[in-house]
Amino acid sequence: MLPAFGLHTHIQANQRRSTLLIAGLFLLFYLMAFGLTLLARALMDDGSAEFETLIQMAVWDCLWVSPLVTALVALWVWCGFRFNGFMLELTTGSRSLSRKSNPRLYALLQNLCISRGMTMPKLRILNVKAPNAFATGTRPEQYTITVTRGLLDLLDERELEAVLAHELTHIRNGDVRTMMVAVLVVGIMSFIGEMVYRGLRESPELLTDSSDSKKSGGGKLLAVLVAVIFIMVAWGLSMVIRFSLSRRREYLADAGSVELTKNPDAMISALRKIDRKGELEGVPSAVMELCLDNPRSGFADLFATHPSIEDRIAALVRYAGGHEELRTELPPSTALPEPPPA
């Protein structure tokens, strides 16, 4: 798939890169903490302090606040690792899929796990028409692969095997743990950033200097503006890092699927069928970033969490020996049966 260095070399390089990006996420917390302390100092000022004085006080405050910030972030991440499965079940509405309810799908996943000596993750199903799948969990006993009813109806058995291998590769590569940390950390930053934005929008008088302030130090307005810039930069960079983590791992998961199944055409065919159909209504964007395909994208593709289907197929054709002519949807003659109601 990636002959220049070998697939496992690329996986290791991506893991090192992801570790650096995650470290950068945590450093952004301290940047945001400084912005918040500066904002607090500015809002408490009566207009007599100069800008340099407010900066110095904010730096001193930040030094005192940093241990508390570290403890709170660590506690939040620990809670997320501990209860992520429960939270995802609540937000998505998925239900357990046992061997009895769908023996063929269960057998496909079990065979893939046996071939790599892996503990088999749990299977869950989401009863929606959109074809998609995602892997979650932070520990072997938590690992779960969730598929949608639309995916089971649309894909044949070889394509389902390729999709399961793709999600299994995310687990093998540690992607699900990395993305869980990113989602938790960026979630806090997004919450803080949105609260600051709403507070300033609803109280615009905070951004104006009084006449007394202008006659004295006059640093309050500048301090507020600088604080908001720090907070928004930290928020924006955290989003960019989060999306950057998502993009690279999809190519490697596609490659891992081919390594497991030895069938690049099945992965290509599956990607063709789900292209622009996988939007899960009512599911948080953080869950969509874990999915096989996330059709959402942002300005100039900067905030797209996944590479395009065309780019992923092109990589499979170029490096894995796939066939580009596989563009038509094959009839799901071997679609798996509807599981009995829970």
Side-chain angles (χ1 to χ4, degrees), residues 81-177 179-180 249-250 253-254 256-257 259-261 263 266-267 270-271 273-274 277-278 280 282-284 286-294 332 334-342:
F81 269 52
R82 185 75 176 176
F83 304 110
N84 69 90
F86 174 71
M87 291 186 291
L88 285 169
E89 289 171 18
L90 287 179
T91 56
T92 62
S94 63
R95 60 182 177 84
S96 179
L97 196 63
S98 65
R99 181 196 294 269
K100 182 178 180 180
S101 61
N102 208 318
R104 295 173 66 190
L105 184 67
Y106 194 96
L108 285 176
L109 181 58
Q110 187 177 51
N111 290 338
L112 289 170
C113 292
I114 291 173
S115 70
R116 285 296 180 267
M118 293 181 62
T119 301
M120 183 171 168
K122 301 172 186 176
L123 269 174
R124 297 188 68 85
I125 187 169
L126 187 58
N127 279 313
V128 296
K129 293 182 179 179
N132 225 324
F134 57 90
T136 56
T138 57
R139 304 189 303 275
E141 62 270 20
Q142 285 186 337
Y143 291 144
T144 303
I145 293 178
T146 302
V147 297
T148 66
R149 167 50 46 193
L151 188 80
L152 299 185
D153 291 340
L154 184 63
L155 304 189
D156 62 29
E157 188 167 309
R158 65 191 183 90
E159 294 161 348
L160 281 171
E161 183 183 40
V163 169
L164 291 175
H166 173 101
E167 300 304 331
L168 202 58
T169 300
H170 279 315
I171 294 175
R172 291 176 63 201
N173 293 351
D175 294 335
V176 289
R177 287 193 301 270
M179 288 307 300
M180 185 58 62
R249 67 191 180 94
E250 292 304 320
D254 289 342
S257 174
E259 183 189 39
L260 283 170
T261 65
N263 190 349
M267 192 69 229
L271 290 173
K273 288 184 177 183
I274 69 170
K277 300 175 184 176
L280 303 179
V283 169
V287 176
M288 285 302 304
E289 290 171 29
L290 301 173
C291 287
L292 175 67
D293 180 41
N294 183 6
T334 57
L336 302 183
E338 179 82 22

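Leu168 contributes atom CG, which lies 12.0 Å from atom CG of Leu108 (distance to the nearest 0.5 angstrom). Atom OG1 of residue Thr144 and atom CD of residue Glu167 lie 11.5 Å apart, to the nearest 0.5 angstrom. Taking CZ of Arg99 as the reference point, atom CD of Gln110 lies at 4.5 Å (rounded to 0.5 Å). Residue Asp254 holds its CG atom at 5.5 Å from CG of Leu271, rounded to the nearest 0.5 Å. For the atom pair Leu112 CG and Glu161 CD, the distance stands at 5.0 Å (nearest 0.5 Å). In this structure, OG1 on Thr136 lies 7.5 Å from CD1 on Ile171, to the nearest 0.5 angstrom.
Among all heavy-atom pairs drawn from Leu292 and Met267, the shortest one is CD1-CE, 4.0 Å. Listed here is the closest heavy atom pair of Leu260 and Ser115: CD2-OG, 4.1 Å. In terms of heavy-atom proximity, Met118 sits nearest to Arg172 at SD-CG, 3.0 Å. Here the closest heavy-atom approach between residue Met120 and residue Leu109 is recorded as CE-CD2, 3.8 Å. The minimum heavy-atom distance between Ser257 and Ala162, with the atom names listed, is OG-O, 2.7 Å. Residues Ala133 and Val163 approach most closely at CB-CG1, 3.9 Å, considering heavy atoms.
At a threshold of 4.5 Å between non-hydrogen side-chain atoms, the residues Lys122 and Glu141 do not count as touching. Residues Glu159 and Leu154 form no side-chain contact, since every pair of their non-hydrogen atoms from C-beta on lies 4.5 Å or further apart. With a 4.5 Å cut-off on side-chain heavy atoms, Asn102 and Leu152 count as touching.
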Worksheet item: side-chain contact (heavy atoms from CB on, under 4.5 Å) between Arg95 and Asn127: does it pass, once the steps are laid out?
Response: CA-CA 9 Å; Arg95 60 182 177 84; Asn127 279 313; 3.3 Å; yes
Practice prompt. Could you go through the side-chain contact (heavy atoms from CB on, under 4.5 Å) check for Lys129 and Lys277 one step at a time?
Written response: CA-CA 9 Å; Lys129 293 182 179 179; Lys277 300 175 184 176; over 6 Å; no
Practice prompt. Under the side-chain contact (heavy atoms from CB on, under 4.5 Å) rule, what do His170 and Met179 come out as? Steps first, then yes or no, please.
Written response: CA-CA 10 Å; His170 279 315; Met179 288 307 300; over 6 Å; no
Practice prompt. Let me see the working for Arg177 and Gln142 under side-chain contact (heavy atoms from CB on, under 4.5 Å), right down to the final yes or no.
Written response: CA-CA 11 Å; Arg177 287 193 301 270; Gln142 285 186 337; over 6 Å; no
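Remark: side-chain polar atoms of Arg124 are paired, donor with acceptor, to backbone N or O of Ser94 under 3.5 angstrom. A side-chain donor-acceptor contact under 3.5 Å links Asp156 to the backbone of Arg158.
Of the candidates Thr148, Leu280, Thr146, Cys291 forms a side chain to side chain contact (heavy atoms under 4.5 Å, CB included) with just one, namely Leu280.
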